[in-house]
Amino acid sequence: AANPERMAEPWRGVNLGGWLLLEPGPSDPLFGKHPEPSTGEEVRCEWSLMRILHRTLGEAGACEAIRRHREAHVMAKDFHRIRGYGLNAVR
């Protein structure tokens with residue numbers, strides 16, 4: 001059952017594109033660093049990016065590249081700013 005106390009305050013949120021779901025546009029720096037090796041073209045989805053990262057960097061290197069991206073793309077100061085705008089949810 002839903003918790004009535006939690007539902008008392010409506011969600012006011014923002015989407016942090018490119019942070020958890022990798023997509024061109026918000027994550028251009030990451031996509032730009034890892035083009036398709038055979039063509040040099042930038043890939044257009046997370047699935048293709050992850051295949052390239054695993055193929056070119058190995059599993060550990062791919063994990064490290066994603067970790068670095070997520071740590072730099074959105075930081076604690078960004079969450080403080082979001083809260084300062086009166087928002088209480090992110091996705």
Check which hydrophobic residues are tied to Val43 through side-chain heavy-atom contacts below 4.5 Å, counting indirect links as well, and list them.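 Grouped by the 4.5 Å side-chain rule, Leu22, Leu30, Phe31, Leu49, Met50, Ile52, Leu53, Leu57, Ile66 form the rest of the cluster around Val43.
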
Side-chain cluster (under 4.5 Å, hydrophobic types only) that Leu21 belongs to, other residues: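 Via sub-4.5 Å side-chain contacts, Leu21 links to none.
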
If you group Ile, Leu, Val, Met, Phe, Trp and Tyr by side-chain heavy-atom gaps below 4.5 Å, do Tyr85 and Trp19 land in one group?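 Linked, Tyr85 and Trp19 end up in one cluster.
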
Can you get from Leu20 to Ile82 by hopping between Ile, Leu, Val, Met, Phe, Trp and Tyr side chains that sit under 4.5 Å apart?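 Yes, Leu20 and Ile82 fall within the same hydrophobic cluster.
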
Which pairs, with at least one residue in residues 30-40 and sequence neighbours excluded, count as a side-chain hydrogen bond (donor to acceptor under 3.5 Å, both in side chains)?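 Checked against side-chain hydrogen bond (donor to acceptor under 3.5 Å, both in side chains) - neighbours excluded - the pairs reaching residues 30-40 are Glu36-Ser38, Glu36-Arg55.
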
Please name all residues satisfying side chain to side chain donor-acceptor pair (under 3.5 Å) with Arg81, sequence neighbours left out, ordered by chain then number.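 For Arg81, no residue satisfies side chain to side chain donor-acceptor pair (under 3.5 Å) once neighbours in sequence are set aside.
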
Residues in side chain to side chain donor-acceptor pair (under 3.5 Å) contact with Glu71, at least two apart in sequence or another chain: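 Result, side chain to side chain donor-acceptor pair (under 3.5 Å) vs Glu71: Arg67.
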
What's the shortest heavy-atom distance between [X] and [Y], and which atoms?
X     : Y     : answer
Gly18 : Ser27 : O-OG, 2.8 Å
His54 : Ala62 : CD2-CB, 3.0 Å
Gly17 : Pro26 : O-CB, 3.1 Å

Applying side chain to side chain contact (heavy atoms under 4.5 Å, CB included), can you list everything that pairs with Arg12, at least two apart in sequence or on another chain?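 Counting only residues at least two positions away or on another chain, Arg12 forms a side chain to side chain contact (heavy atoms under 4.5 Å, CB included) with Glu9, Pro10, Leu87, Asn88.
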
Within this structure, what is the CG-CD distance for the pair Asp28 and Glu23, rounded to the nearest 0.5 Å?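 These two atoms lie 10.0 Å from each other.
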
Could you tell me the separation between the NE2 atom of His80 and the CZ atom of Arg83, rounded to the nearest 0.5 Å?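 Result: 11.5 Å between the selected atoms.
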
Do the non-hydrogen side-chain atoms of Val90 and Val74 ever get within less than 4.5 Å of each other?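 No, too far: nothing below the 4.5 Å cut-off.
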
